[in-house]
Amino acid sequence: MSNIKGPRGTQDILPGEVEKWQYVESVLADICHRYHYKEVRTPVFEHTELFQRGVGDSTDIVQKEMYTFEDRGGRSITLRPEGTASVVRSFVQHKVYGYPNQPTKLFYFGPMFRYERPQQGRMRQFVQFGIEALGSDDPAIDAEVIALAMNAYQELGLTSLKLVLNSLGDLESRKNHREALIAHFKPHKDELCEDCQMRLETNPMRVLDCKKDREHPAMETAPSILDYLNKESREYFETVKSVLDKMGIPYVIDPNLVRGLDYYNHTAFEIMSEAEGFGAITTLSGGGRYNGLVEEVGGPETAGIGFALSIERLLMALDAEGIELPIDEQLDCYVVTVGDEAKKEAASIVYQLRQAGIQVDKDYADKKMKAQFKAADRLRAKYVLVLGEDELQNNQINLKNMDTGDQQTIKLEEIVEHMKKEFKED
RNA sequence: GCGGCUAUGGUGAAGUGGUUAACACACCGGAUUGUGGCUCCGGCAUGCAUGGGUUCGAGUCCCAUUAGUCGCCCCA
C-alpha cells in the first residue's frame, strides 16, 4: 500500500509553524477588538445556490473553482470559496439587521476552498481572515475597513505595502460606463484576446484588468469608470478618499482595479506586497463595498462593506520582509529522574506542578540522565528538577536554573509552593 | 484548465549505465558510571516519488502517473 498524502493544494501546519499562525491570529483578533468587530462563525459548506447568487454566476470562482458535490440527501453543497456570502446569509437568516446597535460589524477566520492549480500563495484550502460591516453606507466606514486592514499588516511589521483604490460607482454609473466600454472596444473586438472577447459581452470592465491585452492601444484610451461616476458616486468616493487622507493612509488610485466578484460597487481596494521576491502573486487582500448583496440573498435593503486577507500570504509577506515574529517557545520546567522509584515519584510531582499552573514535562523515553538534560536544554527549559535516589532518600529534590546554572536543594513537600513563587516573580 | 523545471535518508544535498548509494547538519549512543550548551569517537537510506519499459546490468536512459515548484488565467 502506498502512503497516503494530503490532497493536492492542502497543507499541514505542524508545531514550529503553527505558533506563527496562532500569533498572527491573536494579533488580528486583538485589532478587531479595538475596532469593535465581533467574531462570527459560519459553516464551511453552504447550499451551492448561495454562492451562485451571492458571488455571481459569471465569476471564475463560480464557473470553475468551486468544490461542489451532492450530499446523501441529493442537495448540491459547496465548500465555501469565500466568506462574505456566508456571513451575509447568516445576517439575513437570523434577522441580525433587526438587532440594536447597527451597523453590524463582524469578523471571521477560517478555511476557504477553491479548486485551482496550486502555486506559491495559492492553495486549494487556504485560511482567510475577513471583516464585514453591514448596515451603513457612511463613507467613513469604508475608510474604517481599509484602515483596519492596513493596521493589521503594519502592526505585524510589514512596510512594503501598496493600497490600491478605485470606485466602481453605483448601478447607474456602472451601466453608463459599461455602455461606453462596449462602444469603445467593439471596433477592436477581433484584436483582443479570446477571454476579452467573452468579457466584452459578460463583464466589459474586466477587459480593463486583462494582462494580455495590456499593450493594446485601445486600452490607453478606454473610458475610465471614474469619468462615468454620477454625482452621488463621485461624492461618495471623494469622501472616502478625504477620510483616508485625514487618517494619513496613503493610497494609489487604479481605475482598472475591478475585483473578481460580482457583488462589488462603489469602493473597491486591494492591498499588495511590494517586497522583493514575493513572487507572482502580490495581492495580500482585497475588499470593497457590496450594497445590494443582502437583498440578493433575501434580506432587506442593506449596505455592506468588507475585506478579506489570506493568512498564508500574510505569512509569506512577513517572510519576504524578513520579519521575525515575537515567538518565544520555552518550557517552564523539566523533571529529570534517576531510577525507577524516582520515576514514579516524579509523575506525581509533575502532576502537582501542572495543577499549580506550571508548564512541565519529563522524559518518557527512558533516557540516561545526560540525555535528559540535553532534552531539557533543547526544549529551552527554564528550570530542571532532578529527582534521583539520593534526593528520594532525603525527601528532597534538586532545582537547577538552566540560565545561571545555580542549584539548590528543596524539601520534596515544599517544591510545588516554591515553584509557584518562582514563577510569580517573573 | 495550459506551459516550463524538478522528485535520492529527518533536512540540505553528491552521484557524467557497471561491485557494499559520498558529504554535511539533525538525531541516537559512548568518552564524562548523577547534570545541558564545546570537543572527540561510533551508529543512522523499507535502497534513490509510484508504475511500466530499454539493457547482460538503471538512482543514472525512455514513457506514464502522482506530487512539488515557477509562470499563464484568476484571485486571498
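Letters A, B, ... are given to chains in the order of the sequence lines, protein chains preceding strands, and every chain is numbered from 1. These numbers come from the heavy atoms of this one structure, side chains and all, not from hydrogens, waters or symmetry mates. Source: prediction; values computed, not measured.
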Euclidean distance, A:Leu156 CG relative to A:Leu28 CG, rounded to 0.5 Å | 6.0 Å

Within this structure, what is the [atom1]-to-[atom2] distance between [X] and [N], rounded to whole angstrom?
{"X": "A:Ile271", "N": "B:rC75", "atom1": "CD1", "atom2": "P", "value": "17 Å"}
{"X": "A:Tyr263", "N": "B:rC75", "atom1": "OH", "atom2": "P", "value": "12 Å"}
{"X": "A:Phe269", "N": "B:rA76", "atom1": "CZ", "atom2": "P", "value": "11 Å"}
{"X": "A:Asp366", "N": "B:rG29", "atom1": "CG", "atom2": "P", "value": "11 Å"}
{"X": "A:Gln119", "N": "B:rA67", "atom1": "CD", "atom2": "C1'", "value": "16 Å"}
{"X": "A:Met66", "N": "B:rC75", "atom1": "CE", "atom2": "P", "value": "16 Å"}

Return the nucleotide paired to B:rG42: Watson-Crick means purine N1 to pyrimidine N3 with N6-O4 or O6-N4, wobble means G-U with N1-O2 and O6-N3, both under 3.5 Å.
-> B:rC28

Write down the partner of B:rG68 under the Watson-Crick or G-U wobble criteria, each distance required to be under 3.5 Å.
-> B:rC5

It should be established whether [X] places a side-chain nitrogen or oxygen under 4.0 Å from OP1 or OP2 of nucleotide [N].
{"X": "A:Gln120", "N": "B:rC70", "result": "yes"}
{"X": "A:Lys374", "N": "B:rG29", "result": "no"}
{"X": "A:Lys370", "N": "B:rG36", "result": "yes"}
{"X": "A:Arg378", "N": "B:rC28", "result": "yes"}

Of the listed nucleotides [options], the one nearest the side chain of [X]:
{"X": "A:Asn398", "options": "B:rG30, B:rU35, B:rA76", "result": "B:rU35"}
{"X": "A:Glu389", "options": "B:rG34, B:rG36, B:rC75", "result": "B:rG34"}
{"X": "A:Arg313", "options": "B:rC28, B:rA76, B:rC2", "result": "B:rA76"}
{"X": "A:Ala371", "options": "B:rG29, B:rG36, B:rA76", "result": "B:rG29"}
{"X": "A:Gln407", "options": "B:rU35, B:rG34, B:rG37", "result": "B:rU35"}
{"X": "A:Thr283", "options": "B:rG36, B:rC75, B:rG1", "result": "B:rC75"}
{"X": "A:Arg8", "options": "B:rG68, B:rA76, B:rG34", "result": "B:rG68"}
{"X": "A:Val386", "options": "B:rC2, B:rA67, B:rU35", "result": "B:rU35"}

Between A:Asp363 and A:Gln372, is there a donor-acceptor pair closer than 3.5 Å when you use the side chain of the first and the backbone of the second?
-> no

Side chain A:Glu312, main chain A:Val127, donor-acceptor under 3.5 Å = yes

Got a donor-acceptor pair under 3.5 Å from the side chain of A:Gln372 to the base of B:rG34?
-> no

Is A:Arg34 paired with A:Asp30 through a side-chain N to carboxylate O contact shorter than 4.0 Å?
-> yes

Separation of the C1' atoms in B:rG52 and B:rU66, to the nearest angstrom | 14 Å

Of A:Asp137, A:Asp170, A:Thr267, A:Asp142, the one forming a side-chain hydrogen bond (donor to acceptor under 3.5 Å, both in side chains) with A:Tyr236 is A:Asp142

